[in-house]
Amino acid sequence: MIAEETLVKELKSKDTQSHAFEVLVSTYKERLYWHVRRIVLNHDDADDVLQNTFIKVFRNIEGFKGDSKLFSWMYRIATNEALSFLKQKTKKLGVSDIDYQEKMVENLQADVYFEGDEIQLKLQKAIAKLPEKQKLVFNMKYYEDLKYEEISEILNTSVGGLKASYHLAIKKLENYLTQD
Amino acid sequence: MKRKNLDKNPFSTPKGYFDNFEDNLMAKLSKETSRIPENTGFTVPPSYFDDFQSKLNAKLKKDTEVKNDKKVKVIQLKPYKKFIGIAASIAALVLMAIGIDWNSKDAIEFADIANSDIESYFENHDLDLSVDEIAEVIPVDGMEIYDFIDISMNEENILDYLNENVEDIEELNIENNE
């Protein structure tokens, strides 16, 4: 795998930019896709957000100073894109965030790209009820296996705060799933 | 076996491995005993990830074209409008030249003169200003050929222009409201 510094350097050079961008997309597309998908739930929406994320990365790579890892920077862009997308949707439809999320979870039952069983559907209903930060931390820790330090860099939150959010999220989800 | 090699540990761990060991262990333990499923049930269309790069390239190309189109200069339909300020300055000079008594109670203030009056004055009077006098009040910077050419466009020309330059003219929702 190509070193991050080299990749960034190649992305900033006109001669190597095109090839480097292909390497970047190929390396991160799946991880970022699943990250975005767990936020927006629907495949087509996730596809839109993912494409916009990579376009933003491409357009703004000159401004990437290397203060954080490239991976964290891209995750941050993807997270912001996904959250902005949800905000636009709720604004357009004139509904609250939680109402929109619950509606999206209901739609999963008819979604051809959701093959979850009853318990997986129930989990999505429970996640929809979590506050935004807890939702993000839970998905990034439980499903994406990111370290607290990495999540801290992406969400700009202290590690202590993240640990508290994660444990609260797990507790709420466990309680919800054990209810009949 | 050489004794000196026994003191050396040839193995290493990833950076921060021991710092995160407890967190990782707790996470693994909690997953094993948790009722939370380890899979979300989301899927993607077949070959979605294989086709992603080409789809992204096409979108990036289109996005670049749109950005470039936005940079195309917009030509003002009535370019002389920007000269109103300059014309006002010249008019002030002219008024001063013909010697208005500014101390009289009924004196006309410059602000009282409508722009249309100033325009009309320039159209109907020969100012007889020399090139140097004009150059003193008209800044050369920012002047363009369209400032001197009055482009009159009829509706048909405008529609032709939009038809050629706008990707989806239907989206403009142009209706004949007459």
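Quick note on labels: first sequence line is chain A, next is B, and so on, each numbered from 1.
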Donor-acceptor contact below 3.5 Å, side chain A:Y33 vs main chain B:V44:
no
Test your reading of the model: is there a side-chain donor-acceptor pair from A:R37 to the backbone of B:T43, 3.5 Å cut-off?
yes
Should [X] and [Y] be counted in the same cluster of Ile, Leu, Val, Met, Phe, Trp and Tyr side chains packed under 4.5 Å apart?
{"X": "A:L146", "Y": "A:V159", "answer": "yes"}
{"X": "A:M104", "Y": "A:L93", "answer": "yes"}
{"X": "A:Y113", "Y": "B:F52", "answer": "no"}
{"X": "A:L108", "Y": "A:I119", "answer": "yes"}

When rounded to the nearest 0.5 angstrom, what is the spacing between [atom1] in [X] and [atom2] in [Y]?
{"X": "A:F21", "Y": "B:N57", "atom1": "CZ", "atom2": "CG", "value": "7.0 Å"}
{"X": "A:F54", "Y": "B:K55", "atom1": "CZ", "atom2": "NZ", "value": "13.0 Å"}
{"X": "B:F42", "Y": "A:Q124", "atom1": "CZ", "atom2": "CD", "value": "4.0 Å"}
{"X": "A:Y176", "Y": "B:R35", "atom1": "OH", "atom2": "CZ", "value": "13.0 Å"}
{"X": "A:E174", "Y": "B:I36", "atom1": "CD", "atom2": "CD1", "value": "4.5 Å"}
{"X": "B:L60", "Y": "A:R59", "atom1": "CG", "atom2": "CZ", "value": "5.0 Å"}

Heavy atoms of B:G41 and A:Q120 approach each other most closely as N-NE2, 3.8 Å
Minimal non-hydrogen separation, A:Y143 against B:P37, with atom names
OH-O, 2.7 Å
Look at atom [atom1] of [X] and say whether more than 12 heavy atoms of other residues, nucleotides or ligands are closer to it than 6.0 Å.
{"X": "A:K135", "atom1": "NZ", "result": "yes"}
{"X": "B:K59", "atom1": "NZ", "result": "yes"}
{"X": "A:K12", "atom1": "NZ", "result": "yes"}

Winner by heavy-atom pair count (cut-off under 4.5 Å) against chain B, out of A:D111, A:L123, A:D117
A:L123
Given that the side chain runs from C-beta out, which part of [X] has a heavy atom under 4.5 Å from chain B: side chain, backbone, both or neither?
{"X": "A:K29", "answer": "both"}
{"X": "A:L121", "answer": "neither"}
{"X": "A:I127", "answer": "neither"}
{"X": "A:D47", "answer": "both"}
{"X": "A:Y142", "answer": "both"}

Part of B:D19 lying under 4.5 Å from any heavy atom of chain A:
neither
Could you look at B:F49 and say if it's the side chain, the backbone, both or neither that has a heavy atom under 4.5 Å from chain A?
both
Between B:L56 and A:I55, does the side-chain contact (heavy atoms from CB on, under 4.5 Å) criterion hold? Intermediate values first, please.
CA-CA 8 Å; B:L56 177 67; A:I55 288 174; 4.1 Å; yes
